[in-house]
Number of protein chains: 2
Amino acid sequence: MTAFIGEFNCKLDEKGRLSIPSKLRAQFPEAVGNTLVVNRGFEKCLVLYTKEDWLDETAKLNAVDDFMSPDIRRFKRIFTNGANLVQIDGAQRILVPKKLLEYAELTAEVILVANGNKIELWDQAIYESELNVDAAEMSQLAQLFHQQRNQG
Amino acid sequence: MTAFIGEFNCKLDEKGRLSIPSKLRAQFPEAVGNTLVVNRGFEKCLVLYTKEDWLDETAKLNAVDDFMSPDIRRFKRIFTNGANLVQIDGAQRILVPKKLLEYAELTAEVILVANGNKIELWDQAIYESELNVDAAEMSQLAQLFHQQRNQG
DNA sequence: TGCAATTTCCCACAATTTCCCACAATCTCC
DNA sequence: GGAGATTGTGGGAAATTGTGGGAAATTGCA
């Protein structure tokens, strides 16, 4: 599994092309080649994976049997159906499908946030509000995290 | 885990380069190589880790599954959001990303404070006001610390 | 089949980053 | 205290990166 690190400001041009910062590009293992996968995130953002990591993710999902329940089938469908293959072009850019741009409300200023094997794409303004927490809320979140970690 | 000790005065040049004092550099284990991670601190400062220590920190976070809840995802994001890789150059300097410089209001005079596996970077003026405590306040803080440690 | 619109590929310029070198200041050892 | 070595600081130049736009190719529609 790849482990990406970094937060980057990027620009989306009018053609919907997003250039990958060289600092991030350098973190891709050679084997990745030029093919990535973009998908909708749970929040109003997009998620970028290497093709290999994406296949791992879907393999984990598919380990859960479809027979189990309609909800399982529905979740798997919804989670998977936004995924798109994208190619990195000669100028280190990817062309993000319009549908996904609209979903995450990406316009010009985009933030790439790498964490583990995922790279999230956020509209700058939305990202800032997501991260803007006051102390009270923060300690509540910490408590929640603490609980959920311990109950597994 | 690395254990750094010391407080150092450093200068930031106009290009955003911060030179690491040799006394501190000498404390890095050989294996660290030239790659470090900088991130925003909770207070108005930055935090520097070895890459290894940073990956340990995030591994703890990522032990909790993203599917669990939006709050979990948010909490993890808030923790890891500003992380960036930095390289130590031939003159023992790191280039701190502009975004982070602005966040911590670092200008010219910077204080490095090593503590455990973290090295905090503070603007000198801000650091001094942070440390400016009288005896009464200090003993009150100690009391608070004692209470909170014991209740977990 | 032809036209229009979109997509893909390619090139070029501007801005930033990285690398390198040199000098000044400090420290250490004799 | 002095000389040499090491460390800190600054800046210039080359290489790289990011950004934009144009032209060719492909697709879709009439």
task: Could you tell me which residues satisfy side chain to side chain contact (heavy atoms under 4.5 Å, CB included) with B/Thr107, sequence neighbours excluded, listed by chain and number?
output: B/Asp123
query: Is a donor-acceptor contact shorter than 3.5 angstrom present between the side chain of A/Arg17 and the base of D/dG18?
result: no
task: Return the residues of residues 19-27 of chain B meeting this criterion: a heavy atom under 4.0 Å from some atom of DNA chain D. Order them by number, or give none.
output: B/Ser19, B/Ile20, B/Pro21, B/Ser22
field: Within 6.0 angstrom of A/Lys76 NZ, more than 12 heavy atoms from elsewhere
entry: yes
- request: Name the nucleic acid region contacted by A/Lys15, choosing base, sugar-phosphate or nothing; use a 4.0 angstrom heavy-atom cut-off, strictly under.
  value: base
- request: For the pair B/Asp53 and B/Lys118, find out whether any cationic side-chain nitrogen is under 4.0 Å from an anionic carboxylate oxygen.
  value: no
field: Separation of C/dA5 C1' from A/Lys98 NZ (nearest whole Å)
entry: 10 Å
field: Length of the line joining B/Glu14:CD and C/dT16:C1', which is rounded to integer Å
entry: 16 Å
message: Rounded to whole Å, please give me the gap between NZ in A/Lys11 and C1' in D/dG20.
response: 12 Å
- request: Hey, which sits more toward the 5' end of DNA chain C by its nearest nucleotide, A/Arg93 or B/Ala91?
  value: A/Arg93
field: Separation of C/dT6 P from A/Leu95 CG (nearest whole Å)
entry: 14 Å
field: Under 3.5 Å side-chain donor-acceptor pair for A/Gln124 and A/Trp122
entry: no
query: Do B/Phe42 and B/Phe79 have their ring centres less than 6.0 Å from each other?
result: yes
field: Any residue of residues 99-108 of chain A with a heavy atom less than 4.0 Å from an atom of DNA chain C
entry: none
task: In plain terms, say whether A/Lys23 and A/Glu7 are close enough for a salt bridge, that is, a side-chain N and a carboxylate O under 4.0 Å apart.
output: no
query: Which part of the nucleic acid does A/Gln92 contact within heavy-atom distance under 4.0 Å: base, sugar-phosphate only, or nothing?
result: nothing
- line: For DNA chain C, the expected dot-bracket line (Watson-Crick or G-U under 3.5 Å, [ ] crossing, | inter-strand) is ||||||||||||||||||||||||||||||
- request: Specify the separation, in whole Å, of atom CG of B/Asp13 and atom P of C/dA24.
  value: 18 Å
field: Whole-Å distance separating the CG atom of A/Asp89 from the C1' atom of D/dT17
entry: 13 Å
field: Verdict with reasoning, B/Glu52 to B/Trp54, per side-chain hydrogen bond (donor to acceptor under 3.5 Å, both in side chains)
entry: CA-CA 5 Å; B/Glu52 203 189 344; B/Trp54 173 255; over 6 Å; no
Pairs under 3.5 angstrom only: tabulate donor-acceptor contacts from the side chains of residues 95-105 of chain A to other protein residues two or more places apart or in another chain.
| from | atom 1 | to | atom 2 | distance (Å) |
| --- | --- | --- | --- | --- |
| A/Tyr103 | OH | A/Gly41 | O | 2.8 |
| A/Tyr103 | OH | A/Glu43 | O | 3.4 |
| A/Glu105 | OE2 | A/Lys44 | NZ | 2.8 |

- line: Under a side-chain separation threshold of 4.5 Å, the hydrophobic residues clustered together with B/Met138 are none
- request: May I ask you to check whether A/Phe75 and B/Phe67 place their ring centres under 6.0 Å from each other?
  value: yes
message: Nearest whole Å is fine: how far is C/dT7 C1' from A/Ile94 CD1?
response: 16 Å
- request: Verify, without hydrogens or angle tests, whether B/Arg74 (side chain) and A/Glu130 (backbone) share a donor-acceptor contact under 3.5 angstrom.
  value: yes
